Protein chains: 2
Amino acid sequence: MGDVFKALADPTRRAILDELQDRSGQALFELCVRLTGKGFTSTRQAISQHLAVLSEAGLVVVRREGRYMFIDLDTSPLRQIYERWRVDTCESDT
Amino acid sequence: MGDVFKALADPTRRAILDELQDRSGQALFELCVRLTGKGFTSTRQAISQHLAVLSEAGLVVVRREGRYMFIDLDTSPLRQIYERWRVDTCESDT
DNA sequence: ACGATAGGAAAGCCACTGCTTGCATGTCAA
DNA sequence: TTGACATGCAAGCAGTGGCTTTCCTATCGT
């Protein structure tokens with residue numbers, strides 16, 4: 001399984017995760033339209049390659065139906081980050 | 001301020017954070033010794049450059065005293081990750 | 001069947017990143 | 001003061017990453 005941290009290193013990939021959190025189960029072309037609407041200039045191929053990385057990291061689950069490719073978010077791999085470094089919960093956030 | 005995600009993308013930098021979580025406030029040369037003891041082959045310059053990235057991301061705070069450079073861990077920038085994507089707490093972790 | 005739509009595969013390019021190398025600076029001990 | 005120690009700075013190099021480009025496959029509507 002791939003590297004979760006490297007998967008999160010790219011801003012476009014993070015935007016994909018954001019978009020999927022907002023609405024999971026989108027098709028690839030749908031995702032492309034949504035992202036270009038939010039100012040991202042990535043082509044379909046670029047998004048597709050990003051999805052491959054995210055899928056390798058387990059952050060995304062791909063489900064094929066007919067000629068569509070539906071993408072679901074899976075945030076569970078993030079837990080390994082959350083458990084690795086403790087964050088002081090009571091801190092000066094003024 | 002730098003990119004927290006990019007800072008976490010490198011395995012050596014993550015090892016530095018691990019080392020600092022285990023013992024914060026180490027000097028640079030101390031950190032180098034510890035890391036080489038754990039199988040990392042990085043030179044001092046490499047570690048120093050990694051620390052610059054971590055410092056840019058706010059994950060590390062540098063404090064100079066005499067000829068020593070003490071490094072403290074600061075995990076608070078990680079909170080923005082924890083708050084960005086919700087992780088299902090009740091999940092099949094069998 | 002045919003065209004349009006949704007997506008896949010691979011090669012090439014460019015920029016960035018991590019690392020090394022070499023030298024310079026500054027601090028402490030004797 | 002002098003040498004040893006701890007670190008800074010910058011140029012150069014090799015590997016990687018993200019993107020484009022081109023072409024190909026497969027599915028649906030009519």
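Just so we're on the same page: letters track the sequence lines, and every chain starts at 1. What you see is a predicted model; the values in this text were computed from it and never measured. Every heavy atom of this structure was used, including side-chain atoms; hydrogens, water molecules and symmetry mates were not.
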With heavy atoms under 4.0 Å as the rule, sort A/A9 into base, sugar-phosphate or nothing.
nothing

Ignoring the backbone of A/D10, work out which of D/dT27, D/dC9, D/dG18 is nearest its side chain.
D/dG18

A/L59 side, atom CG; A/T75 side, atom OG1 - distance, nearest 0.5 Å:
8.5 Å

Tell me whether B/R13 contacts the main-chain N or O of B/K6 through its side chain, where contact means a donor paired with an acceptor under 3.5 Å.
yes

On DNA chain D, nearest-nucleotide positions of A/V53 versus A/Y68: which is more 5'?
A/V53

Quick one: how far along DNA chain C does chain B reach, first to last nucleotide 5' to 3', anything under 4.0 Å to a heavy atom?
C/dG18 to C/dC28

Nearest atoms (heavy-atom pairs only) where A/S42 meets A/T12:
OG-CG2, 3.7 Å

Can you tell if the side chain of B/F70 reaches within under 4.5 Å of the side chain of B/L31, non-hydrogen atoms only?
no

Hydrophobic cluster mates of A/V53, side-chain heavy atoms under 4.5 angstrom, ILVMFWY only, any path?
none

Taking only side-chain N and O atoms of A/H50, does any of them lie within less than 4.0 angstrom of OP1 or OP2 on D/dG17?
no

Distance (rounded to the nearest 0.5 Å) between A/R63 CZ and A/E65 CD:
5.5 Å

Atom CZ of A/R67 and atom C1' of D/dC24 are separated, to the nearest Å, by 17 Å

Counting distance only, does the side-chain N/O of A/T36 pair as donor-acceptor with the main-chain N or O of A/V33 below 3.5 Å?
yes

So what does B/R64 touch, heavy atoms closer than 4.0 Å: a base, only the sugar-phosphate, or nothing?
sugar-phosphate

Rounded off to whole Å, could you give me the CZ-to-C1' distance for the A/R44 and D/dT22 pair?
12 Å

Judged by nearest nucleotide, the residue sitting upstream toward the 5' end of DNA chain D, B/E30 or A/Q45, is B/E30

How many Å lie between NZ on B/K6 and P on D/dG17, as a whole number?
12 Å

Want to settle it: does A/M69 or A/Q49 sit nearer the 5' end of DNA chain C, counting the closest nucleotide to each?
A/M69

Hey, does B/R23 have a side-chain heavy atom less than 4.5 Å from the side chain of B/E30?
yes

Nearest-0.5 Å distance, CG of residue B/D10 to CG of residue B/L17
10.5 Å

Please state how far atom CD in B/E65 lies from atom C1' in D/dG8, giving the value in whole angstrom units.
18 Å

What integer distance in Å separates B/F5:CZ from D/dG17:P?
19 Å

Dot-bracket for DNA chain D, 5' to 3', Watson-Crick and G-U pairs with both distances under 3.5 Å, [ ] for crossing pairs, | for partner on another strand, reads ||||||||||||||||||||||||||||||

